[in-house]
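Report on the following structure.
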Amino acid sequence: MKTVSIRWYLVMLAGVVAIPMMLFVVLLITQLNQNEQRSLDLRTARVASSVSSAVYLILKDMDSTLDLVASAPELETDDLKGFHYRTQLALKDSGKFVILVDSTGQQLLNTRVPFGEPLGRTSDMASLTQALSSGETVISDVFLGRTSGEWVFNITKPVKRTDSTAARALIITKNATELTEALASPDIPQGWNLAIVDRTGALVAGRGDIDVETGAVPDLPAGISELNYYGTATDSSSNTLMGYARIPMSGWYSATWGSIDTAKSSILANWQMLLAGGAILLILFTAVSVYAADRLRKAVTRLARMARSMGEGEIVSPERSRIREIDVVARAMSDASFDRSEAEEQLSTVLGELAHRSKNLLAVLTSMIRQTARHSDSVQTMATALEARIKALDTSIDLLTRNASGSVSLRELVETQTATFAHSPGSIRINGVDIRIKADAAQQLGMALHELSTNAVKHGALSTSAGKVTITWSIRDHETGKPQLFLLWTEADGPPTEQPDREGFGQTVIKKHTAAVFRGEVTLDYEATGLRWSLQAPLNQFVESREPKSE
């Protein structure tokens with residue numbers, strides 16, 4: 001079949017639709033007006049979302065800096081002068097300052113001023129009180145700082161209580177004007193405003209013709225209490241549109257607002273142009289169609305180039321063509337290339353875990369054969385015992401697969417993950433109240449138990465016939481008011497344990513990975529009597545929470 005170009009089809013289409021098109025001018029303009037309104041709503045909400053993301057990154061950076069500062073050794077030894085010098089040097093020219101306070105809010109040091117200079121109480125007692133009572137990090141609203149004399153905001157984090165120091169909280173503070181950098185990038189219509197407001201609706205930072213100063217409440221088209229997480233709001237009386245987005249961590253909002261008339265193209269002007277230029281349009285329509293075909297051809301060519309690059313495994317960036325549908329496809333292809341890259345990375349991680357598990361499984365099987373042979377007086381006895389242990393290993397591997405979509409008994413998980421490794425009855429002792437834990441928690445905990453069991457067979461208590469392993473767990477109250485699960489693995493009567501020279505994959509799983517996924521604390525001690533490992537984490541990381549989820 002003979003093929004023709006896009007240009008030929010568009011020229012033919014021009015002759016067919018040119019005259020009827022004029023009859024639908026009014027309908028077209030109405031539709032354009034509706035489309036432009038939807039586009040304006042979406043663009044306005046996206047601008048607010050972009051600012052929200054930028055502010056969140058700033059707050060996240062401050063929170064990370066606070067965590068880093070809280071680990072300074074000078075803080076643990078109560079060397080406040082050394083802590084002041086080191087922190088001030090590290091935060092130089094960053095716009096961030098650190099304050100150390102006691103339980104009454106009295107400032108013990110402030111990196112805004114030289115060490116030893118007299119200081120008063122913090123101006124943000126509300127955040128300090130909340131942080132000390134909850135034990136969690138708190139982000140304040142904007143307020144006028146007593147030391148700086150500027151409008152600032154704080155992130156307050158409780159510090160570990162010790163008898164050697166009166167310090168009870170670390171505060172990282174930043175001038176509100178520093179947040180104007182988050183307002184610089186978004187493109188907003190002429191005459192529109194862009195602002196960041198706190199939980200009370202007070203202005204933190206702004207851009208445009210906002211008629212209030214920092215700390216005052218600007219006149220928004222909708223009140224803070226009326227806003228959801230993300231969206232737009234319209235004030236029909238003033239024909240004003242506002243896009244807003246809640247800023248994570250803080251409860252603040254980013255908002256952009258202004259007159260709808262100044263943001264939209266003039267539909268009346270388009271109408272008049274189409275009516276007055278109808279005759280000219282008929283003449284020029286063919287030329288415009290040829291031009292459009294050329295632009296479409298180039299856009300399709302760029303899509304084809306992106307597709308070829310994706311086929312070669314590259315991550316591609318969308319190229320703007322000024323054709324909305326083409327741009328949508330380009331963005332989808334770009335997102336797909338990123339998703340493909342992430343999927344390949346995840347696959348690589350899964351394959352690495354599979355290889356590691358396979359090596360561990362081979363080591364377990366080798367140890368199983370050796371121990372079975374050592375305690376068997378005939379080939380038949382050895383075969384029977386070995387078959388039973390291999391079946392037990394299969395049962396352990398199959399446990400999580402059977403319970404992939406539901407909860408798992410903690411006792412059953414511990415028993416199935418460790419039973420295969422026992423060299424004799426009573427070599428592994430288990431004690432603890434049984435609870436049902438989430439499938440994802442079972443997978444992660446099962447991985448840690450597998451690594452501990454493999455290590456015990458290779459190097460620890462289960463590598464000898466006299467060695468024993470005791471696994472216990474209990475649910476304990478915690479100072480935060482939330483119950484904690486405490487799980488303890490103890491080895492005894494095995495070979496002496498030593499700290500390994502390097503940290504392998506298994507060490508990473510039972511220490512860093514387990515602590516991270518359960519948001520708890522992991523300790524690993526190489527004692528003379530045997531390895532000792534413990535995990536303490538919030539109980540809600542293991543069981544399904546029945547509390548309603550917050551927004």
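Positions are given from 1, in the same order as the sequence printed here.
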Between S133 (side chain) and T129 (backbone), is there a donor-acceptor pair under 3.5 Å? yes
Applying side-chain contact (heavy atoms from CB on, under 4.5 Å), run through R121 and V101 and close with a yes or a no. CA-CA 8 Å; R121 297 175 66 188; V101 299; over 6 Å; no
Taking CD in Q499 as the centre, count heavy atoms belonging to other residues, nucleotides or ligands within less than 6.0 Å. Is the count above 12? yes
Quick one: does Q484's side chain have a donor or acceptor within less than 3.5 Å of a partner on R476's backbone? no
In terms of relative ring orientation, are H450 and F421 parallel, tilted or perpendicular, with 30° and 60° separating the classes? perpendicular
Less than 4.5 Å apart, side chain to side chain, heavy atoms only: is that true for I99 and T156? no
Is a side-chain donor or acceptor of S250 paired with a backbone partner of I139 at a separation under 3.5 angstrom? no
Are L75 and L100 close enough that some pair of their side-chain heavy atoms sits under 4.5 Å apart? yes
Got a second to check how far K157's NZ is from M62's CE, nearest 0.5 Å? 13.5 Å
Run the side-chain hydrogen bond (donor to acceptor under 3.5 Å, both in side chains) check on D198 and T200 step by step: do they pass? CA-CA 5 Å; D198 63 19; T200 66; 2.7 Å; yes
Counterpart residues, salt bridge (Lys or Arg N to Asp or Glu O under 4.0 Å), relative to R46 (two or more places apart): none
Which heavy atom of P483 sits nearest a heavy atom of I475, and at what distance? CB-CG2, 4.0 Å
Can you tell me how far OG1 of T418 sits from CG of L413, rounded to the nearest 0.5 angstrom? 9.0 Å
Atom CZ in R199, atom CG in D141: separation rounded to 0.5 Å? 4.0 Å
Partners of R168 by side-chain contact (heavy atoms from CB on, under 4.5 Å), sequence neighbours excluded? S103, L132, R161
Contact check, side chains of F153 and T173, non-hydrogen atoms, under 4.5 Å: no
S52 side-chain N/O to A48 backbone N/O, donor-acceptor pair under 3.5 Å: no
dist T454:OG1 -> L462:CG (nearest 0.5 Å) comes out at 10.0 Å
Mind listing the closest non-hydrogen atom pair of V517 and Q541 along with its distance? O-OE1, 3.6 Å
Output for pair (N154 CG, D124 CG), nearest 0.5 Å, gives 5.0 Å
After noting the C-alpha distance and the side-chain angles of T490 and T470, does the key distance pass the side-chain hydrogen bond (donor to acceptor under 3.5 Å, both in side chains) rule? CA-CA 5 Å; T490 307; T470 302; over 6 Å; no
Polar side-chain atom of D525 near backbone of E527 as donor-acceptor pair, under 3.5 Å: no
On a heavy-atom basis, which atom in H478 and which in Q536 lie closest, and how many Å separate them? CD2-NE2, 4.1 Å
If you count every heavy atom of other residues, nucleotides or ligands that lies below 6.0 Å from R429 atom CZ, does the total exceed 12? no
Between W489 and S453, the two heavy atoms sitting closest are CH2-OG, 3.5 Å
Report the C-alpha separation of L89 and R86 in whole Å, then their side-chain angles, then the decisive distance to 0.1 Å, and conclude whether the side-chain contact (heavy atoms from CB on, under 4.5 Å) test is met. CA-CA 5 Å; L89 184 62; R86 179 174 177 178; 5.9 Å; no
Going by heavy atoms in the side chains, are L445 and F518 under 4.5 Å from each other? yes
Yes or no on side-chain contact (heavy atoms from CB on, under 4.5 Å) for T122 and L128, after CA distance, side-chain angles and deciding distance? CA-CA 9 Å; T122 177; L128 176 62; 4.3 Å; yes
Straight-line distance of K96 NZ to D61 CG, nearest 0.5 Å: 3.5 Å
Looking only at heavy atoms, the pair that brings L119 and L108 closest together is CD1-C, 4.3 Å
Going by heavy atoms in the side chains, are I510 and N455 under 4.5 Å from each other? no
Could you give all pairs that pass the ring-ring contact (aromatic ring centres under 6.0 Å, His included) test and reach residues 73-100, with sequence neighbours left out? H84-F115
Looking at D434 and R411, would you say the former's side chain and the latter's main chain have a donor-acceptor pair under 3.5 Å? yes
Find out whether I196 and V142 are in side-chain contact, i.e. whether some heavy atom of one side chain is under 4.5 Å from a heavy atom of the other. no
Scanning both residues in full, the closest heavy-atom pair of V469 with E491 reads CG2-CG, 3.9 Å
Is any side-chain heavy atom of V197 closer than 4.5 Å to one of W252? no
For a side-chain contact (heavy atoms from CB on, under 4.5 Å) check, start with the C-alpha distance between L487 and W533, then their side-chain angles and the critical distance, and finish with the verdict. CA-CA 8 Å; L487 191 147; W533 175 89; 3.4 Å; yes
Does E181 CD have over 12 foreign heavy atoms under 6.0 Å away? yes
Got Y244 and N228 here, is their nearest side-chain heavy-atom distance under 4.5 Å? yes
